[in-house]
Amino acid sequence: MRNLVIALILLLQLSLLTSSGLAERPNILFIFSDDHAPHAIGAYGGLLAGVDPKPNIDRLAAEGMLFEQSFCTNSLCGPSRAVILTGKHSHLNGFRKNGDRFDPAQWTFPKELRAAGYQTAVIGKWHLGSDPQGFDYWRVLPGQGDYYNPQFRTPDGVVEINGHCTRIVTDLAEDWLRSGRDADKPFLLMCQHKAPHRTWMPAPEHLSLWKNETLPEPPTLLDIWSDNASGAREQQMTIEEDLDLYYDLFVDGVDPGEGRESRDVSGRKNQERMTEKQLRGWSDAFDTENRAFVADPPTGEALTRWKLQRYLKNYLRCVRGVDDSVGRLVALLDELGLADSTIVIYSSDQGFYLGDHGWYDKRWMYDESMRMPLIARWPGVTQPGARCRELVQNLDYAATLLDAAKASPSEPMQGKSFVSLLRGETPYDWRDAVYYHYFEGPPAIHRVAAHYGVRTQDRKLIYFYENDEWELYDLSNDPDELSNVYGQAEYSADTARLKQQLTELRQGYRDTAGASGPGTEGL
């Protein structure tokens with residue numbers, strides 16, 4: 001009898017350990033969106049936070065930890081994903097720019113988790129060219145994928161599913177959690193949305209949100225980049241000139257934009273595959289506004305502001321679908337009794353310009369595109385409502401998730417585990433700077449100049465190596481990065497220190513890519 005009582009006590013302790021979230025091998029639900037700017041999330045604050053609070057993403061922040069200084073290493077969709085999978089910078093994992101092909105044979109953290117006994121799945125946007133490896137289950141969009149009636153690549157071929165992509169990805173994730181996984185194994189589920197990537201095509205139920213409202217404009221909307229490096233004036237990503245009325249904003253009755261590298265025809269092509277009911281709902285949402293525009297088209301700054309409103313509303317409508325998805329998946333964890341034993345992470349591949357500096361898209365090392373949302377809920381580990389101001393990057397995700405799962409990596413990574421930060425503890429040797437390198441340059445889409453640089457808590461130094469131009473920002477006094485202070489005498493000590501730091505980071509990360517001009521002495 002005594003042995004039976006002891007056994008029952010041990011079983012109860014094990015049950016309590018698991019339910020408190022302190023199990024040795026927690027489940028991992030990784031929810032990832034595309035181009036979701038932190039300043040479009042209520043918990044992060046910012047211009048649009050009050051316009052469209054995200055109740056489900058905000059709930060995660062209230063129940064977990066929000067990282068205020070979370071950054072990518074290379075602000076592009078495919079490269080960000082490759083960095084997350086490998087824990088290595090773009091120049092080492094081989095995926096430097098969209099259009100590259102990810103080598104599926106290389107080491108990734110899902111492969112390591114699988115070898116450690118985890119069941120692994122990835123559903124949604126992949127965007128790495130090759131088929132996923134290291135996953136027990138995968139259903140991924142080809143390339144960027146479509147918003148309406150998307151196709152999915154699977155181990156058994158391509159399938160097409162009717163409906164809106166965000167809802168479908170969530171449906172597939174729910175199905176796998178309910179009946180596709182082995183309940184005796186811990187799991188990694190990577191649920192990766194296309195939304196809110198360009199071109200912005202919201203779900204039918206969200207098409208009328210903010211229809212008769214005017215959303216706030218960023219104060220830098222009319223920035224003219226007078227003291228930036230020359231590349232800022234040569235890009236093709238402005239609301240004014242490059243955001244296309246016909247292809248991006250779905251204004252019928254205007255001439256389609258022609259001949260610009262920045263043009264994206266994917267949304268119009270997707271319309272050709274929409275059902276009659278879907279097209280009817282789309283027309284009902286936009287026809288009245290479109291007719292009014294064609295009858296009396298605005299010009300100059302008024303046109304820029306009109307385009308911004310249509311853009312922001314469709315962008316936020318796409319985000320609303322992502323937030324709904326987060327709510328569904330978190331509710332399912334509750335229903336299945338998995339909430340306390342599951343780490344839930346919400347992130348996006350990079351930030352995005354929402355009219356800031358007059359732009360849309362990403363790519364630059366400026367904070368609007370370099371900063372990523374990162375929210376982590378780990379019951380029993382993260383303090384509810386905690387906020388972390390330490391510098392972290394997508395480079396760190398692999399090391400962190402392996403550390404949380406008590407899985408020892410079989411290959412070295414360049415990222416660092418931030419499990420200690422999740423516990424509310426900052427290591428004495430935590431980094432004081434992050435390194436960034438964007439490899440594409442003209443004539444690639446949007447014509448953003450290739451550059452690399454270093455960011456600390458209060459300074460940022462950027463080198464545009466193809467043009468041999470520098471920018472330096474005093475983030476403590478100029479968080480919007482409006483005043484390039486490179487070359488000013490009072491910042492000479494900062495410049496020398498940051499150049500030395502940049503040299504050390506490039507050497508430490510083994511990045512030799514990027515031309516060197518006469519302005520790089522000491523690099």
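- The shortest non-hydrogen separation linking Leu249 to Arg310 is O-NH1, 2.7 Å.
- Of the inter-residue distances, the one linking Thr238 atom OG1 with Asp361 atom CG reads 11.5 Å to the nearest 0.5 angstrom.
- A donor-acceptor contact shorter than 3.5 Å links the side chain of Asn484 to the backbone of Leu472.
- Taking 4.5 Å as the limit, every side-chain heavy atom of Leu85 sits out of range of all side-chain heavy atoms of Tyr397.
- Listed here is the closest heavy atom pair of Gly134 and Thr120: O-OG1, 2.8 Å.
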- Task: Just do the side-chain contact (heavy atoms from CB on, under 4.5 Å) check on His36 and His193 with the steps written out, would you?
- Result: CA-CA 10 Å; His36 191 185; His193 291 293; over 6 Å; no
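- Note that SG of Cys77 is 15.5 Å distant from NZ of Lys97, once rounded to the nearest 0.5 Å.
- Rounded to the nearest 0.5 angstrom, Phe71 CZ and Met372 CE are separated by 11.0 Å.
- For Arg81, the side-chain hydrogen bond (donor to acceptor under 3.5 Å, both in side chains) test picks out Asp34, Asp349, with sequence neighbours left out.
- Across all their heavy atoms, Pro26 and Tyr118 have their closest contact at O-OH, 2.6 Å.
- Side-chain N or O atoms of Arg371 include one that pairs as donor or acceptor with a backbone N or O of Glu68 at under 3.5 Å.
- For the residue pair Asn56 and Asp323, a side-chain donor N or O sits within less than 3.5 Å of a side-chain acceptor on the partner.
- In this structure the side chain of His89 never reaches within 4.5 angstrom of the side chain of Tyr436, judged on heavy atoms.
- Remark: Asp264 pairs with no residue by the salt bridge (Lys or Arg N to Asp or Glu O under 4.0 Å) rule, at least two apart or across chains.
- Side-chain atoms of Lys313 come within 3.5 Å of backbone atoms of Glu213 as a donor-acceptor pair (strictly under, hydrogens ignored).
- Applying the salt bridge (charged side-chain N to carboxylate O under 4.0 Å, His left out) test to pairs two or more places apart or on separate chains, those with a residue in residues 108-118 are Arg114-Asp136.
- A donor atom on one side chain and an acceptor atom on the other are not found under 3.5 Å apart for Glu440 and Asn98.
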- Just do the side-chain contact (heavy atoms from CB on, under 4.5 Å) check on Leu461 and Gln501 with the steps written out, would you? CA-CA 10 Å; Leu461 180 70; Gln501 208 162 12; over 6 Å; no
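- The ring pair (Phe, Tyr, Trp, His ring centres under 6.0 Å) test applied to Phe439 returns His437, not counting sequence neighbours.
- In this structure, Arg181 contributes its side chain and Leu177 its backbone to a donor-acceptor pair below 3.5 Å.
- At least one donor-acceptor pair under 3.5 Å links the side chain of His91 to the backbone N or O of Tyr509.
- Judged by distance alone, with hydrogens and angles left aside, the side-chain atoms of Gln235 form a donor-acceptor pair with the main-chain N or O of Ala232 at under 3.5 Å.
- Nearest heavy-atom pair, Gly355 versus Tyr311, reported as atom, atom and distance to 0.1 Å: N-CE2, 4.2 Å.
- The residues Arg59 and Asp334 are annotated as salt-bridged, a charged nitrogen and a carboxylate oxygen being separated by less than 4.0 angstrom.
- Side-chain atoms of Lys194 do not come within 3.5 Å of backbone N or O of Cys165 as any donor-acceptor pair.
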- Message: Ile462 vs Phe464, test: side-chain contact (heavy atoms from CB on, under 4.5 Å). Steps then yes/no.
- Response: CA-CA 7 Å; Ile462 310 173; Phe464 296 89; 3.7 Å; yes
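- Trp225 CH2 to Leu482 CG: the interatomic distance, rounded to the nearest 0.5 Å, is 12.5 Å.
- In terms of heavy atoms, Arg363 sits closest to Ile445 at NH2-CG2, 3.2 Å.
- Taking the centre of each ring, Trp359 and Trp364 come in below the 6.0 Å mark.
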- Message: Working note: Trp107 + Met413, criterion side-chain contact (heavy atoms from CB on, under 4.5 Å); need CA distance, chi angles, decisive distance, verdict.
- Response: CA-CA 10 Å; Trp107 180 94; Met413 293 168 285; 3.4 Å; yes
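- Between the side chain of Asp248 and the backbone N or O of Thr199, no donor-acceptor pair lies under 3.5 Å.
- Among residue pairs with one or both ends in residues 470-484, those qualifying as salt bridge (charged side-chain N to carboxylate O under 4.0 Å, His left out) are Arg459-Asp474, Lys460-Glu481; sequence neighbours excluded.
- You'll find the side chain of Cys72 stays beyond 4.5 Å of the side chain of Lys362, heavy atoms only.
- Partners of His164 by ring pair (Phe, Tyr, Trp, His ring centres under 6.0 Å), not counting sequence neighbours, listed by chain and number: Tyr147, Tyr148.
- By the 4.0 Å N-to-carboxylate-O rule, Asp35 lies too far from Arg198 to be salt-bridged with it.
- Using a 4.5 Å heavy-atom cutoff, the side chains of Leu421 and Pro427 are in contact.
- For Tyr438, the ring pair (Phe, Tyr, Trp, His ring centres under 6.0 Å) criterion is met by His451, not counting sequence neighbours.
- Checked by atom type and distance alone, the side chain of Arg25 pairs as donor or acceptor with a backbone atom of Ala116 at under 3.5 Å.
- Shown here are the side-chain contact (heavy atoms from CB on, under 4.5 Å) partners of Gln383, two or more places apart in sequence or in another chain: Ala386.
- A salt bridge does not link Asp396 with Lys416: none of the charged nitrogens is closer than 4.0 Å to a carboxylate oxygen.
- The nearest pair of heavy atoms linking Tyr435 to Gly453 is CD1-O, 3.3 Å.
- Proximity of Asp356 to Tyr366: side-chain heavy atoms (C-beta onward) are nowhere separated by under 4.5 Å.
- Here Leu188 contributes atom CG and Asn27 contributes atom CG; the two are 9.5 Å apart, rounded to the nearest 0.5 Å.
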- Message: The test is ring pair (Phe, Tyr, Trp, His ring centres under 6.0 Å); show your working for His446 and Tyr360 and say whether it passes.
- Response: CA-CA 10 Å; His446 296 303; Tyr360 65 99; 5.5 Å; yes
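- With values rounded to the nearest 0.5 angstrom, Phe30 atom CZ is found 11.0 Å from Leu189 atom CG.
- The shortest distance between side-chain heavy atoms of Leu66 and Ile41 does not fall below 4.5 Å.
- Under the 3.5 Å distance criterion, the side-chain polar atoms of Ser75 are matched with a main-chain donor or acceptor of Ser369.
- Residues passing the side-chain contact (heavy atoms from CB on, under 4.5 Å) test with Ala82 are Asn93, Phe95, Phe102, Leu128, sequence neighbours excluded.
- A heavy-atom distance below 4.5 Å is not found between the side chains of Trp470 and Thr495.
- Taking the side-chain contact (heavy atoms from CB on, under 4.5 Å) definition, one finds that Arg510 meets it with Leu92, sequence neighbours left out.
- Put simply, the side chain of Arg455 reaches to within 4.5 Å of the side chain of Leu391, judged on heavy atoms.
- In terms of the side-chain contact (heavy atoms from CB on, under 4.5 Å) criterion, residue partners of Pro216 (sequence neighbours excluded) are, by chain and number, Leu47, Leu48, Val51.
- Sorted by first then second residue, the salt bridge (charged side-chain N to carboxylate O under 4.0 Å, His left out) pairs that include residues 37-51, not counting sequence neighbours, number zero.
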